[in-house]
S.K.: 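After the structure tokens below, expect a handful of questions from me.
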Amino acid sequence: MSELVEIVDSLENKVSKLLHKMELLHQVNTKLKEEIGSLQEENRLKEEALGEWEEKYNSLKMANTMLGSNTSKTEAKLKINTLIRELDVCIAKLAD
């Protein structure tokens, strides 16, 4: 009978330890989920900033080509031609 009591006590002790470990793991899991959310938000903000910088870079590159930079003169000519065609379409629609 004494052995049975010891076994039950041992099982209770092990279950108690497992429950404690489980609670600690839940706390760690919650903290990690919060950290993931924070990092995802930070990543989203950085991606937005990157997109803005890419737009600024492309605008600056286009401005440089239009100012007579030797790089991408054909690109600038194509862009100007596209803008002229768009203006022609707008003028034609206004004339109707």
Side-chain angles (χ1 to χ4, degrees):
M1 187 74 156
S2 168
E3 287 182 29
L4 187 59
V5 170
E6 288 178 19
I7 292 173
V8 170
D9 286 342
S10 174
L11 284 174
E12 284 179 352
N13 189 19
K14 288 179 182 179
V15 168
S16 175
K17 286 180 182 179
L18 285 173
L19 289 173
H20 181 68
K21 283 183 181 180
M22 186 177 79
E23 181 62 33
L24 290 176
L25 289 174
H26 279 294
Q27 290 173 359
V28 169
N29 191 23
T30 302
K31 287 180 184 177
L32 289 173
K33 285 181 180 179
E34 290 172 1
E35 186 177 345
I36 286 172
S38 172
L39 290 172
Q40 286 174 336
E41 178 65 17
E42 183 180 334
N43 188 36
R44 184 188 63 78
L45 293 173
K46 287 184 179 183
E47 285 178 356
E48 287 178 5
L50 176 64
E52 291 174 9
W53 282 108
E54 285 175 345
E55 287 179 25
K56 289 178 183 179
Y57 171 74
N58 289 333
S59 296
L60 182 61
K61 188 168 91 173
M62 186 56 62
N64 282 337
T65 57
M66 288 183 181
L67 288 174
S69 171
N70 289 333
T71 60
S72 305
K73 282 190 177 183
T74 53
E75 183 181 336
K77 289 178 184 178
L78 291 173
K79 183 68 175 177
I80 291 170
N81 288 337
T82 303
L83 292 172
I84 291 171
R85 275 188 241 115
E86 289 177 6
L87 284 172
D88 288 341
V89 169
C90 291
I91 291 171
K93 287 183 179 181
L94 288 173
D96 290 339

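Atom set for the values below is all heavy atoms of this structure, side chains included, hydrogens, waters and symmetry mates excluded. No experiment lies behind these values; they were computed from the predicted model shown.
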S.K.: Transitive ILVMFWY cluster of Val28 at side-chain heavy atoms under 4.5 Å: who else is in it?
M.R.: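 Its cluster partners, ordered by chain and number, are Leu32.
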S.K.: Does the side chain of Ile84 come within less than 4.5 Å of Asp88's, by heavy atoms?
M.R.: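 Result yes, sub-4.5 Å side-chain heavy-atom pair found.
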S.K.: As an exercise, state the distance from CG of Leu94 to CG of Leu87, rounded to the nearest 0.5 Å.
M.R.: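 If I round to the nearest 0.5 Å, the distance is 10.5 Å.
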S.K.: Side-chain heavy atoms under 4.5 Å apart, restricted to Ile/Leu/Val/Met/Phe/Trp/Tyr: what other residues fall into the cluster of Ile7, or is it alone?
M.R.: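 Ile7 shares its hydrophobic cluster with Leu11.
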S.K.: Does anything in residues 14-42 form a side-chain hydrogen bond (donor to acceptor under 3.5 Å, both in side chains)? List the pairs, not counting sequence neighbours.
M.R.: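 Qualifying pairs: Glu41-Arg44, Glu42-Lys46.
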S.K.: Could you identify which residues cluster with Leu19, counting Ile, Leu, Val, Met, Phe, Trp and Tyr as linked when any side-chain heavy atoms lie under 4.5 Å apart, either directly or through a chain of such contacts?
M.R.: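 Once heavy-atom contacts under 4.5 Å are chained together, Leu19 belongs with Val15, Met22.
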S.K.: Report all side-chain donor-acceptor pairs from residues 52-60 shorter than 3.5 Å, counting only partners two or more places apart or in another chain.
M.R.:
| residue | atom | partner | partner atom | Å |
| --- | --- | --- | --- | --- |
| Asn58 | ND2 | Glu54 | O | 3.3 |
| Ser59 | OG | Glu55 | O | 3.0 |

S.K.: For Glu12, enumerate each residue passing the side chain to side chain contact (heavy atoms under 4.5 Å, CB included) test, keeping only those at least two apart in sequence or located in another chain.
M.R.: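 Per chain and number, Glu12 pairs via side chain to side chain contact (heavy atoms under 4.5 Å, CB included) with Val8, Asp9.
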